[in-house]
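Taking it in order: structure first as structure tokens, then the write-up.
Only heavy atoms go into these numbers, but all of them, side chains included; no hydrogens, no water, no symmetry mates.
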Amino acid sequence: MRAVVIKSFGGPEVLEVVETPLPEPGPGQVRVKVAAAALNPVDAAFRDGYIAPLTDGQLGLGWDFAGTVDAAGEGAGFTPGAAVVGLSYGPAATKSHADHVVVDASAVAPAPTTVDTVHAATLALNALTAAQALDLLALSPGDSLLITGAAGALGGFAVQLAHRAGITVTALAGPDDEQLVRSLGADTFVPRGATVAPAAADAVLDAAVMGEPALAYVRDGGAHVGVIPGASPAPVRSVRVETVEVSPDGARLAELVKLLDAGVLTTRVAGTYPLADVAKAHTRLAEGGVRGRLVLIP
């Protein structure tokens, strides 16, 4: 099969599409023939060398994906032919930017029925991260939450999930994103770089990785959740500071798929690229201003 790998760290020029043996699933695992796989900022961070060392001389890229199970290990619970979405978590020699990916069956869920595979491939990583971040914040209906980077993939899912939970959402995003974030359920909009600070919220989800400046938006004794392990600011004013690190969770992902099919969640695709053009996709991601996910099509 073909797989996107890196054998050294650097810019898009280090990306390679290589031929590699077709992996076999072990007990409790499935092999998925990938129909589409999203490109996320974490892939660029892997490529740049910020996340993990090279494994056996190379690292694969790709986290969330949509496709069809074509082989299953003992006890996997999925049969060949099943349409699924899933998460290829952590470092590995090959991941979901490939013709096939092997993952634990507990990391996949039945695919949504209301969107195509390209849109389905954008769900797992960002929606799971948003849901697990909200779990950490432990807010109640009527509480207030400010979300930085609210127009991004992670921030957008967080706005929708928080709104559904009865939380009052303030969205901080680019000046041109007000209509978008309000359509996702934001109650209040704050343009990035505004000179007047919003009222202090019960909690902040820092999807834009602002770091310490985001703490200014939290009331005394409130909560702050960051999205990059090891990069959270030091707590001040008795603010509880935590970091979400996404965990594969097929059962939770299945719930998010149902919300997508019910219209509670919406997926956004900014563009598609053949697997062979992965370097072009990374270059476009680095240019910024992408609203929605870029998706690779094997």
Side-chain angles (χ1 to χ4, degrees), residues 12 36 38-45 64 115-116 118-123 125-127 129-131 133-134 137 144-165 167-218 224-228 231 244 256 259-260 263-273 280-296:
L39 172 63
N40 289 281
V42 67
D43 293 304
D64 37 14
V115 298
D116 60 21
V118 172
H119 283 80
T122 68
L123 181 69
L125 176 61
N126 291 286
T129 303
L134 292 172
L137 289 170
S144 57
L145 171 67
L146 185 141
I147 300 172
T148 72
L154 168 58
F157 283 133
V159 170
Q160 291 181 307
L161 290 170
H163 174 74
R164 178 177 182 269
I167 296 164
T168 301
V169 178
T170 296
L172 191 153
D176 296 331
D177 291 321
E178 180 173 4
Q179 182 177 353
L180 169 62
V181 296
R182 287 192 182 277
S183 74
L184 297 175
D187 300 283
T188 304
F189 173 73
V190 177
R192 186 171 54 242
T195 56
V196 178
D202 294 312
V204 164
L205 171 51
D206 188 17
V209 198
M210 290 177 59
E212 185 176 352
L215 285 173
Y217 300 131
V218 189
H224 171 287
V225 165
V227 298
I228 298 182
V244 62
L256 295 167
L259 293 179
L260 174 59
V264 174
L265 298 179
T266 55
T267 54
R268 292 175 285 154
V269 173
T272 61
Y273 293 81
K280 292 180 180 179
H282 276 246
T283 298
R284 175 63 190 95
L285 181 65
E287 290 170 353
V290 177
R291 290 294 175 258
R293 279 288 167 255
L294 303 172
V295 180
L296 298 175

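Classification of Asp177 and Arg192 as a salt-bridged pair fails, no side-chain N sitting under 4.0 Å from a carboxylate O.
Remark: side-chain polar atoms of Arg182 are paired, donor with acceptor, to backbone N or O of Asp187 under 3.5 angstrom. A donor-acceptor contact shorter than 3.5 Å is absent between the side chain of Thr272 and the backbone of Val295.
Here CG of Leu294 is found 5.5 Å from CG of Leu39. Values are rounded to the nearest 0.5 Å. Once rounded to the nearest 0.5 Å, the distance linking CD1 of Ile167 with CG of Leu137 reads 8.0 Å. For the atom pair Leu154 CG and Leu205 CG, the distance stands at 6.0 Å (nearest 0.5 Å).
A pairwise comparison of heavy atoms in Val225 and Ala133 identifies CG1-CB, 4.0 Å as the closest pair. When all heavy atoms of Ala214 and His224 are compared, the pair lying nearest together is CB-NE2, 4.0 Å. Scanning both residues, Pro191 and Pro175, for their nearest heavy atoms gives CB-CA, 4.2 Å. The shortest non-hydrogen separation linking Phe157 to Thr122 is CE1-O, 3.9 Å. Between Ala186 and Val159, the shortest heavy-atom distance links the atoms N-CG1, 3.6 Å. When every heavy atom of Arg268 is checked against every heavy atom of Ala151, the shortest pair comes out as NH1-O, 2.9 Å.
Thr266 meets the side chain to side chain donor-acceptor pair (under 3.5 Å) test with Gln160; sequence neighbours excluded.
Of the residues Leu256, Asn40, Val227, the one that meets the side-chain contact (heavy atoms from CB on, under 4.5 Å) test with Asn126 is Asn40. For the pairing with Val115, the side-chain contact (heavy atoms from CB on, under 4.5 Å) check across Thr267, Leu265, Val269 returns one residue only, Thr267.
Within 6.0 Å of CD on Glu287 lie more than 12 heavy atoms contributed by other residues, nucleotides or ligands.
The side-chain heavy atoms of Pro198 and Leu146, taken from C-beta on, include a pair separated by under 4.5 Å. The shortest distance between side-chain heavy atoms of Leu134 and Leu145 falls below 4.5 Å.
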Exercise. Take Val190 and Tyr217, measure what side chain to side chain contact (heavy atoms under 4.5 Å, CB included) needs, and give me the verdict at the end.
Key: CA-CA 11 Å; Val190 177; Tyr217 300 131; 5.7 Å; no
Quiz prompt | From CA spacing to verdict: side chain to side chain contact (heavy atoms under 4.5 Å, CB included), Arg164, Leu259 | solution = CA-CA 10 Å; Arg164 178 177 182 269; Leu259 293 179; 3.5 Å; yes
Quiz prompt | Criterion side chain to side chain contact (heavy atoms under 4.5 Å, CB included) on Thr170 and Thr168, from CA distance to verdict | solution = CA-CA 7 Å; Thr170 296; Thr168 301; 5.6 Å; no
Practice problem: Go through the steps for His163 and Leu184 under the test side chain to side chain contact (heavy atoms under 4.5 Å, CB included), then give the verdict. | Solution: CA-CA 8 Å; His163 174 74; Leu184 297 175; over 6 Å; no
